[in-house]
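Structure first, commentary second.
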Amino acid sequence: MSEAVAPELAQVNLARLKFPLDSPELKDFVDQLDPVNADADTADGFVWRLQSEGGDATDIPVFGDEWLIVNMSVWRDLESLKGFMYAGRHRQLLARRREWFERVAEAMVALWWVPAGHRPTVAEAEARLLHLRTHGPSPYAFTFRTLFPPQGARPLPGEVPEGLGCSV
């Protein structure tokens, strides 16, 4: 009998830029993208990250809003993701995020379990974020504060209330 393959953890986080990516105000952030992505690519438990031909995801549209940038990745487990997020260069960038990104009221980070080998799409990430904004944390889309174990999660039925998407 073959052993079941463990689910992997997908994460998406969005950020609303304060300035254009090519502005002097964002130079420090942009200059660190390649080194931080290289750190992620070699981190223990890293599986995959969304990227365009440029090597990052800053030019991939999300919610039709040119001021939003997306980061999406898949990890072996929560501990691996946290280990990367709160260490090294990534931690240093997190400490400076208010210099570069707007504070946003709606959820901009969502986590969910995916079958091993699955690579989520931006549309899937948008749906998970909208579900989280509408219904709160659930096995379908959750946060670091409210975690759920891997299991077959289905979205809850219902409409997305006005204002929970990101405006253009």
Distance col, row Leu111:CG vs Leu147:CG, nearest 0.5 angstrom, shows 7.0 Å
- Decide yes or no for Leu94 and Tyr86: does some side-chain heavy atom of the first lie under 4.5 Å from some side-chain heavy atom of the second? yes
Rounded to the nearest 0.5 Å, the CG atom of Asn13 sits from the CZ atom of Phe101 at a distance of 9.0 Å
His118 and Val74 have their tightest heavy-atom pair at O-CG2, 4.1 Å
ask   = Below 4.5 Å, heavy atoms only, C-beta onward: do Phe29 and Glu99 meet side chain to side chain?
value = no
- Query: Can you get from Phe63 to Leu17 by hopping between Ile, Leu, Val, Met, Phe, Trp and Tyr side chains that sit under 4.5 Å apart?
  - Reply: no
Salt bridge between Glu8 and Arg119, side-chain N to carboxylate O under 4.0 Å?
yes
- Is any NZ, NE, NH1 or NH2 atom of the basic residue among Arg49 and Asp56 found under 4.0 Å from an Asp or Glu carboxylate oxygen of the other? no
Is a donor on one side and an acceptor on the other found under 3.5 Å between the side chain of Thr134 and the backbone of Leu130? yes
Hphob cluster co-occupancy, Leu93 + Met72, side-chain heavy atoms under 4.5 angstrom = no
**OP:** Examine Val70 and Leu129 and state if one hydrophobic cluster contains both, with Ile, Leu, Val, Met, Phe, Trp and Tyr joined whenever side-chain heavy atoms are less than 4.5 Å apart.
**Re:** yes
Query raised in the report: Any side-chain heavy atom of Val12 within less than 4.5 Å of one from Leu50?
Result: no
Would the number of heavy atoms belonging to other residues, nucleotides or ligands and lying under 6.0 Å from CZ of Arg103 be above 12? no
- Query: Are Arg128 and Tyr140 side-chain neighbours, meaning at least one heavy-atom pair lies under 4.5 Å?
  - Reply: yes
Trp48 vs Val114 side-chain heavy atoms within contact, under 4.5 Å: no
Under 4.5 Å between any side-chain heavy atoms of Gln11 and Leu81, yes or no? yes
Grouping I, L, V, M, F, W and Y whenever their side-chain heavy atoms are under 4.5 Å apart, do Leu132 and Val62 come out in a common cluster? no
**Report entry** Student check: side-chain heavy atoms of Arg133 and Met108 closer than 4.5 Å
**Finding:** yes
Of all heavy-atom pairs linking Pro20 and Ser23, the shortest is O-OG, 2.7 Å
Q) Under 6.0 Å between the ring centres of Trp75 and Phe46? A) yes
When rounded to the nearest 0.5 Å, the distance separating CG of Leu14 from CG of Asp65 is 9.5 Å
Is Val47 reachable from Val122 through a run of I, L, V, M, F, W or Y residues, each pair having side-chain heavy atoms under 4.5 Å apart? yes
CZ (Arg91) and CZ (Arg96) are apart, to the nearest 0.5 Å, by 15.5 Å
Separation between CH2 (Trp67) and CZ (Phe19), nearest 0.5 Å, reads 9.0 Å
So do Val36 and Phe84 actually touch side chain to side chain, heavy atoms under 4.5 Å? yes
What one should report as the nearest heavy-atom pair of Ser80 and Asp44 is CB-O, 3.4 Å
Heavy atoms of Pro150 and Pro7 approach each other most closely as CB-CG, 3.6 Å
Q) Can you check whether Leu26's main-chain N or O pairs, donor with acceptor, with Lys18's side chain at less than 3.5 Å? A) no
Side-chain H-bond candidate by donor/acceptor type, Glu124 with Trp112, under 3.5 Å
yes
In terms of heavy-atom contacts, Pro149 and Trp113 come closest through C-NE1, 3.5 Å
Taken to the nearest 0.5 Å, the spacing of Glu126 CD from Leu68 CG works out to 9.5 Å
